[in-house]
K.L.:
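Shown below is the structure under consideration.
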Amino acid sequence: MDCSAIACAAALLLLLLLRPCESDDRIVPGKPLSPGATVVSEDGSFALGFFAPSTSTPAKLYLGIWYNDIPELTVVWVANRDAPVTNTTTSPAPTLSLAAGTSDLVLSDADGRAVWTTNITAVPGTPAAPPTGLAAVLLNSGDLVIRSPNGTTLWQSFEHPADTLLPGMKIRVRPVMRSAPWTGYMVASQYQANTSLVYVVFVGTEEEMYLTYSLPDGAPPRTRYVLTYSGEYQLQSWNRSRAAWSVLGEWPAGLCGRYGRCGANGYCDGTAGGGAAPACRCLDGFEPASAEEWSRGSFSKGCRRKDEAPRCGDGFLAMPGTKSPDGFRRVGNRNLEECAAECRRNCSCVAYAYADLRMSGGASAGDATRCLVWAGELTDTVKMGDVTGSDTLYLRIAGLRAGERAKTNALKIALPAVLASCLLLLAGISLARFKFKGTLIGKIGNGKRRKKQNLGAMGSEFGETNPGQEFALFRFDDIVAATRNFSEAYKIGQGGFGKVYMGMLGGQEVAIKRLSKNSEQGNEEFRNEVILIAKLQHRNLVRLLGCSVEGDEKILIYEYLPNKSLDAILFDNSRKMMLDWPARFNR
C-alpha cells in the first residue's frame, strides 16, 4: 500500500472518530423505544422508559419518567396511567415512536393498537413522513418535549403532570386544598429545608395564572412536591445518608385545610383553642341543610338559608380574620369604597372582600387592587383569626340595616396587646392618686344613654388634652346587637384581659374589647384606664372611641384597624418590607 492510500485510510478513520455520536437523550423518527431500553437526560438525572410498578405483574408495563441517579425507583410522570401495555416473549414488544404525518409520540401495544398519544394538532400540508430534525427530547429538568426542526416546542410532559410537581412546572387547578386568595406579599415566599431554599412564585398575567417554584444553585436537586394517594401535598427531599425520601412539609395543615370541608355556605372555625377540633358552622343567616347529618359529623351538604335571601338595600356583616371563599370574581381598578359599591349595586352579589396590594409590597405596576365579589354559594370559607393571609369578608345579611363603612388609614397600626397592657398597668398606678374633676365619670356610671363628652373638660391635673376630642358612651344593648350577642363568628382576638369582637356601631366598623368578668379590675381602675387611653392619641396608635359600663360589664370601643398589630408586620419576613427604615422614620 502506497503512502497516499495510507493517508486516505487514516483520514477516513479520523473522520469516523470525530463524527458525533447520536445522543441518547431523545427519540428520533424511525428509531422507536422498546422495553429494556431507556432515554436518559443529558446530565443523567432522569430516564424515560418502560417499567412495572409491581414484581407480581411484570408483563403489565407503563411508560414513565423517573429519577435516574437514586437507588429507589421514583416515578415522576406516567403516560398511560389508566392503560398498561402487555409485554410477553410470545408477542411483539410495545413501542414508543414518533408517528408519521402528525409529529405525535405514540405508544403502541403488542398488537399495534395505539394506547396513548400526545394528540398534537396536525398542521395542514404536513408530509406523510416526519420532517428531518423532529425529535422528542428528555431535558435535564425531567420535562419530555417534542421539538420541531426549527426548535419550537410542540408538546411537553410538564403541561400534563401526574402526582409530582418538579421545579419549573406550573400548577394550576388541584381541588384538594386551597390557600387564601393572593394578597400581594405572597408573590415570592421561601421555604428553608436544611441548607436549601425552595422559592415559590405566583405568576399572574392576562393569559394565565399559575404557581411554580425553583431551587437555587447548590441546593439538593432531588427536591419535589408530591400529591399522595391520600390527598396530602408534601414537600420531599432525597436523603442520601438514609437512602429514603424525607418529608419537609405537608399540607393541608389540619381539617380546615381540606377543600370545602364544611360544604356550601358553611365555614370551618380554625380558631378553636384548648386543643379542640375545628368545628363546622353555618354563615350568618344560614342553617345546616341536614341537621341529622351535621350531628353525625358529615358536613358535605353544607348550609341553606334560614329565611329569605338578602335584598339590594340590605347591609353587610364584616367577618374579619377569614380565608375568603372560592368562586369569586375579581373586579379590577377599584378602591375599597368602589369595591363595596360594586357589590351593593348588584342585587345578586352576596359578599365582597378587598385588598390594596400596594400596601403589601407585592404589586409594583399595573392594577394594584384586589376586589373580590361573590354571586353564588360560598365554598371553602375558613375562620383563620389574626394571621397572615386572612381577609375581612363582607357578607350581605337579610334585614341588616345598611351603614356607612368606616374610613381607616391603611398604614395605621394597633399597638400590640401585651405592650398596651403593660403601659396601662403602670399608668393606672400613677393615676390612682389623682382626683378626677370632670363630668365623665358620672356619665359612665349611668350607662343608659350614649353621650359624647369633650375631653377638654377633664381636670388640669391630667395635663393638657386634645381640645375637641370626642368620647362616646355606648349602651350595652347596642353592643350586644352589634356582636350578635358576642357571637364566636364575630370574635377577632382573645387574651388574658378578655375577648375582642368586630361590630358595627353608628355605621362604623369598631373593635369591641369585652373585659373578662373574672378580672379583679374595679370601676375606679377601669375609669383610670379609659381616661389614660383617651389621652394617648397618636396617628400610629389605635384610637379609643368610647366605652360602656353596665352592671359587671366593662367594655372598650376602639377603631377597627384591618392591618392588625405591629408585630404581625415586623416579624413576618414577607410583610416587613412594607416598613423599611425610611417609612418607619417618616411615620
K.L.:
Rounded to the nearest 0.5 Å, how far does CG of Asp284 lie from CG of Leu317?
P.N.:
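These two atoms lie 5.5 Å from each other.
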K.L.:
Check step by step if side-chain contact (heavy atoms from CB on, under 4.5 Å) holds for Asn346 and Val373.
P.N.:
CA-CA 10 Å; Asn346 183 356; Val373 296; over 6 Å; no
K.L.:
Check Asp314 against Ala398 and note the closest heavy-atom contact, atom names and distance.
P.N.:
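Closest pair (atom of Asp314, atom of Ala398, distance): OD2-CA, 3.4 Å.
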K.L.:
Is it true that Cys349 and Cys343 have SG atoms closer together than 2.5 Å?
P.N.:
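Yes, Cys343 links to Cys349 through a disulfide.
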K.L.:
Determine whether Leu393 and Trp374 satisfy the following criterion, side-chain contact (heavy atoms from CB on, under 4.5 Å), listing intermediate values before the conclusion.
P.N.:
CA-CA 10 Å; Leu393 178 70; Trp374 287 262; 3.7 Å; yes
K.L.:
Would you say the side chain of Pro325 lies within less than 4.5 Å of the side chain of Thr379, judging by non-hydrogen atoms?
P.N.:
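Of all side-chain heavy-atom pairs linking Pro325 with Thr379, none is under 4.5 Å.
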K.L.:
Where is the tightest heavy-atom contact between Ala511 and Val500, given as atom of each residue plus distance?
P.N.:
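Closest heavy-atom pair between Ala511 and Val500: CB-CG1, 4.2 Å.
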K.L.:
Apply the test side-chain contact (heavy atoms from CB on, under 4.5 Å) to residues Tyr501 and Ile479: give CA-CA distance (whole Å), side-chain angles for both, the deciding distance (0.1 Å), then the verdict.
P.N.:
CA-CA 10 Å; Tyr501 300 85; Ile479 297 173; over 6 Å; no
K.L.:
When you look at NZ of Lys170, are more than 12 heavy atoms from neighbouring residues, nucleotides or ligands closer to it than 6.0 Å?
P.N.:
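Counting other residues, nucleotides and ligands, NZ of Lys170 exceeds 12 neighbours.
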K.L.:
Is the ring pair Tyr233/Tyr225 parallel, tilted or perpendicular, if the boundaries are 30 and 60 degrees?
P.N.:
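Parallel.
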K.L.:
Checking Asp163 side chain against Val226 main chain: does a donor-acceptor pair fall under 3.5 Å?
P.N.:
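No.
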K.L.:
Taking it one step at a time, do Leu378 and Tyr267 satisfy side-chain contact (heavy atoms from CB on, under 4.5 Å)?
P.N.:
CA-CA 9 Å; Leu378 305 177; Tyr267 71 92; over 6 Å; no
K.L.:
Give, for atom CZ of Arg261 and atom OG of Ser300, the distance between the pair rounded to the nearest 0.5 Å.
P.N.:
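With rounding to 0.5 Å, CZ (Arg261) is 11.5 Å from OG (Ser300).
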K.L.:
Is the backbone of Val247 close enough, under 3.5 Å, to the side chain of Gln234 for a donor and an acceptor to pair up by distance?
P.N.:
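No; zero donor-acceptor contacts below 3.5 Å.
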K.L.:
How about Arg296: does its CZ atom have over 12 heavy atoms from other parts shown lying under 6.0 Å from it?
P.N.:
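For Arg296, atom CZ is crowded (more than 12 foreign heavy atoms under 6.0 Å).
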K.L.:
For Glu338, enumerate each residue passing the salt bridge (charged side-chain N to carboxylate O under 4.0 Å, His left out) test, keeping only those at least two apart in sequence or located in another chain.
P.N.:
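Counting only residues at least two positions away or on another chain, Glu338 forms no salt bridge (charged side-chain N to carboxylate O under 4.0 Å, His left out).
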K.L.:
If every non-hydrogen atom of Asn335 is compared with every non-hydrogen atom of Glu337, which pair is closest and at what distance?
P.N.:
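Scanning both residues completely, I find the closest heavy atoms to be OD1-N, 3.2 Å.
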K.L.:
What's the shortest heavy-atom distance between Leu505 and Ala482, and which atoms?
P.N.:
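It is CD2-CB, 3.8 Å.
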K.L.:
Would you say the side-chain atoms of Arg334 pair up with the backbone N or O of Tyr354, donor to acceptor, closer than 3.5 Å?
P.N.:
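No, the answer is negative, given that no donor and acceptor are paired below the 3.5 Å cut-off.
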K.L.:
Going by the rule salt bridge (charged side-chain N to carboxylate O under 4.0 Å, His left out), which residues pair with Arg345 if we only count those two or more places apart in sequence or in a different chain?
P.N.:
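If we apply the salt bridge (charged side-chain N to carboxylate O under 4.0 Å, His left out) test to Arg345, skipping adjacent residues, the hits are Glu342.
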K.L.:
I need the Phe299 CZ to Arg281 CZ distance, nearest 0.5 Å.
P.N.:
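Spacing of CZ (Phe299) from CZ (Arg281) equals 10.0 Å.
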K.L.:
Side chains of Tyr394 and Cys339: does their closest heavy-atom pair fall under 4.5 Å?
P.N.:
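Counting from C-beta outward, Tyr394 and Cys339 never come under 4.5 Å.
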K.L.:
Is the shortest side-chain heavy-atom distance between Val350 and Glu377 below 4.5 Å?
P.N.:
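Sidechains of Glu377 and Val350: no contact.
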K.L.:
Looking at side-chain heavy atoms only, is the closest gap between Tyr259 and Asp326 below 4.5 Å?
P.N.:
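Of all side-chain heavy-atom pairs linking Asp326 with Tyr259, at least one is under 4.5 Å.
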K.L.:
Can you give me the closest heavy-atom contact between Thr223 and Ser237, atom names plus distance?
P.N.:
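Heavy-atom minimum between the residues: OG1-OG, 3.4 Å.
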K.L.:
Given side chains that start at C-beta, do those of Lys499 and Phe486 come closer than 4.5 Å, heavy atoms only?
P.N.:
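Result no, sub-4.5 Å side-chain heavy-atom pair not found.
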K.L.:
Main chain of Phe474, side chain of Ser548: is a donor-acceptor contact present, judged purely on distance under 3.5 Å?
P.N.:
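Yes, the answer is positive, given that a donor and an acceptor are paired below the 3.5 Å cut-off.
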K.L.:
Are Cys268 and Cys280 close enough that their SG atoms are less than 2.5 Å apart?
P.N.:
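Not so, these two cysteines form no disulfide.
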K.L.:
Does a side-chain N-to-carboxylate-O contact under 4.0 Å join Glu232 and Arg258?
P.N.:
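Yes, Glu232 and Arg258 are salt-bridged.
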K.L.:
How long is the gap from OG1 on Thr483 to CE on Met502, to the nearest 0.5 Å?
P.N.:
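One finds 12.0 Å between OG1 of Thr483 and CE of Met502.
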K.L.:
Between Cys303 and Trp294, which heavy-atom pair has the shortest distance, and what is it?
P.N.:
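Looks like SG-CZ2, 3.5 Å.
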K.L.:
Ile492 versus Tyr560: any side-chain heavy-atom pair under 4.5 Å?
P.N.:
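They are in contact (side-chain heavy atoms under 4.5 Å apart), so the answer is yes.
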K.L.:
So how far is it from Arg396 CZ to Arg344 CZ, rounded to the nearest 0.5 Å?
P.N.:
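Output value for this atom pair is 9.0 Å.
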K.L.:
Out of curiosity, Lys306 NZ to Glu287 CD, how far, rounded to the nearest 0.5 Å?
P.N.:
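The CD atom of Glu287 is 6.5 Å from NZ of Lys306, to the nearest 0.5 Å.
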K.L.:
Tell me if a side-chain donor or acceptor on Glu550 pairs with a main-chain N or O of Phe476 at a distance below 3.5 Å.
P.N.:
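Here the side-chain-to-backbone pair exists.
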K.L.:
For a 4.5 angstrom cut-off between non-hydrogen side-chain atoms, does Arg224 reach Tyr213?
P.N.:
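The answer is yes; the side chains approach within 4.5 Å.
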